[in-house]
Amino acid sequence: MGEKGVKLFGTWASPFSLRVELALKLKGVEYEFMDEDLQNKSQELLHYNPITKKIPVLVHNGKPLAESTVIVEYVDEAWPNGYRIMPQDPFEKAQARFWAHFIEDKCLKAVFPVYTSTGEELNKAVKEAQETLKALEKALEGKKFFGGETIGYLDIVAGWMPYLIRMTEELAGVTVVDAGTLPLLNAWFDDFLDVDVVKSSLPPKDKLYAFNRARREKLQSGQKAH
Ligand SMILES: N[C@@H](CCC(=O)N[C@@H](CS)C(=O)NCC(=O)O)C(=O)O
């Protein structure tokens with residue numbers, strides 16, 4: 001491949017590659033999107049990310065980077081002008097990283113069982129997810145977005161929640177986030193989904209729901225699914 005420019009290896013359905021897309025778009029960076037088939041990964045992807053073999057991978061001027069949260073920080077620093085993604089204040093930056101870690105370490109793990117469970121297990125999973133998400137609301141107190149008046153790093157990292165939790169609720173027939181249980185997060189879901197760059201970057205709803213309906217069934221029947 002040409003060594004100059006920006007290539008993003010991702011998949012249309014991945015919330016992790018969406019993070020990188022949002023960061024690149026906010027910065028106004030032109031990039032080429034390589035839509036990977038995770039059942040049959042390209043040689044290029046394996047070449048650039050032989051360690052985890054996962055997407056997303058950002059290749060900037062021939063140099064590859066993996067891990068979406070790392071890539072988002074890199075994008076903010078590599079294109080320092082224009083939109084600010086990371087908080088500038090060291091304390092706020094450290095706090096944003098703390099909550100990003102909380103989302104990766106706790107929220108993803110707490111919400112996933114809602115996606116895969118049924119029956120009594122599902123009710124238990126909903127309660128546990130709500131408890132974990134309640135803790136995250138602390139980071140939204142007094143603010144419209146995690147980043148303040150506009151979306152920033154933590155909004156991008158948490159960006160899977162508004163559309164994937166809403167989708168999971170619909171597929172599983174449960175409510176996880178509403179104005180009664182998690183008012184701050186519920187309001188943030190609406191505000192985040194109303195941001196232009198988000199609206200224009202989300203995958204088509206019908207395609208996403210069909211893909212996840214099938215994936216959920218596979219996981220529920222104990223099969224492996226990416
Ligand atoms: N922590 C990683 C997660 C990336 C990830 O899980 N990617 C999935 C797709 S959503 C993947 O590449 N799966 C293929 C595999 O595991 O072989 C990040 O944030 O970049």
Side-chain angles (χ1 to χ4, degrees), residues 6-27 29 31-60 63-78 85-86 96-116 132 136 146 151-168 171 192 198 201-205 207-220 222-226:
V6 181
K7 254 190 180 185
L8 171 62
F9 293 81
T11 63
W12 67 272
S14 166
F16 305 111
S17 49
L18 180 69
R19 287 175 176 165
V20 181
E21 288 204 82
L22 289 177
L24 291 168
K25 286 181 184 178
L26 286 169
K27 285 285 182 184
V29 177
Y31 63 97
E32 188 182 351
F33 187 73
M34 312 297 289
D35 197 8
E36 283 287 326
D37 172 2
L38 296 181
Q39 316 286 344
N40 184 22
K41 294 171 186 165
S42 71
Q43 285 310 310
E44 245 189 322
L45 172 65
L46 299 175
H47 165 73
Y48 282 125
N49 185 6
I51 312 286
T52 69
K53 304 182 176 64
K54 290 187 184 208
I55 58 91
V57 173
L58 184 82
V59 184
H60 182 202
K63 291 188 290 187
L65 269 177
E67 276 302 321
S68 61
T69 52
V70 173
I71 301 172
V72 171
E73 283 210 40
Y74 171 78
V75 167
D76 197 34
E77 287 188 14
I85 293 175
M86 295 304 289
R97 288 187 179 129
F98 166 83
W99 285 113
H101 189 262
F102 183 81
I103 289 167
E104 295 297 87
D105 190 40
K106 302 277 187 246
C107 299
L108 273 169
K109 284 181 199 147
V111 172
F112 194 62
V114 181
Y115 183 83
T116 53
T132 305
L136 179 65
F146 289 104
I151 62 168
Y153 174 67
L154 203 49
D155 298 274
I156 292 174
V157 174
W160 57 273
M161 292 183 187
Y163 73 104
L164 287 183
I165 290 183
R166 288 287 179 251
M167 180 198 73
T168 302
L171 297 184
F192 183 78
V198 174
S201 304
L202 291 181
K205 191 172 171 186
K207 192 177 171 194
L208 186 74
Y209 278 44
F211 173 84
N212 279 288
R213 214 170 261 120
R215 181 169 181 258
R216 197 167 160 262
E217 278 165 20
K218 254 185 163 178
L219 289 165
Q220 285 175 343
Q223 293 174 58
K224 212 169 164 264
H226 283 284

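When reading the values below, keep in mind they use all heavy atoms of this one structure, side chains included, and skip hydrogens, waters and symmetry mates. We count ligands from 1, going down the list as the structure has it; atoms in each ligand are counted the same way.
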Check your understanding: Backbone or side chain, does any N or O of L38 fall under 3.5 Å from an N or O of ligand 1?
Key -> no

**Study point:** ligand 1 atoms in contact with R19 (distance to a heavy atom under 4.0 Å)
**Key:** 19 (O)

**Study point:** Atom pair CZ (F192) and CG (L22), whose distance is rounded to the nearest 0.5 Å
**Key:** 5.5 Å

Practice item. Compare every heavy atom of V20 with every heavy atom of L58, then report the nearest pair and how far apart it is. Key: CD1-CG1, 4.2 Å

Practice item. Starting from atom 16 (O) of ligand 1, locate the nearest protein heavy atom and write down its residue, its atom name and how far away it is, to 0.1 Å. Key: K54 CE, 3.5 Å

Practice item. Measure the distance from atom 17 (O) of ligand 1 to every protein heavy atom, then report the residue, atom name and distance (to 0.1 Å) of the closest one. Key: K41 NZ, 2.5 Å

Point to revise | Heavy-atom pair of closest approach, residues S17 and T11 | key: OG-O, 3.0 Å

Review point. Do any nitrogen or oxygen atoms of S68 come within less than 3.5 Å of a nitrogen or oxygen of ligand 1?
Key: yes

Point to revise | Protein contact to atom 1 (N) of ligand 1 [nearest heavy atom, distance to 0.1 Å] | key: E67 OE1, 2.9 Å

Point to revise | Ligand-residue contact atoms, ligand 1 with S14, heavy atoms, under 4.0 Å | key: 10 (S)

Point to revise | L46 CG to K53 NZ distance, which is reported to the nearest 0.5 Å | key: 7.0 Å

Check your understanding: Does H60 reach the side chain of Y74, with side-chain heavy atoms less than 4.5 Å apart?
Key -> yes

Check your understanding: In the protein, which heavy atom is nearest to atom 14 (C) of ligand 1, and how far is it?
Key -> H226 ND1, 3.6 Å

Point to revise | Gap between atom NZ of K41 and atom NZ of K54 - 0.5 Å precision | key: 8.0 Å

Review point. Roughly how far, to the nearest 0.5 Å, is CD1 of I156 from CZ of F146?
Key: 12.5 Å

Review point. In terms of residue, atom name and distance, what is the protein heavy atom nearest to atom 4 (C) of ligand 1?
Key: I55 O, 3.2 Å

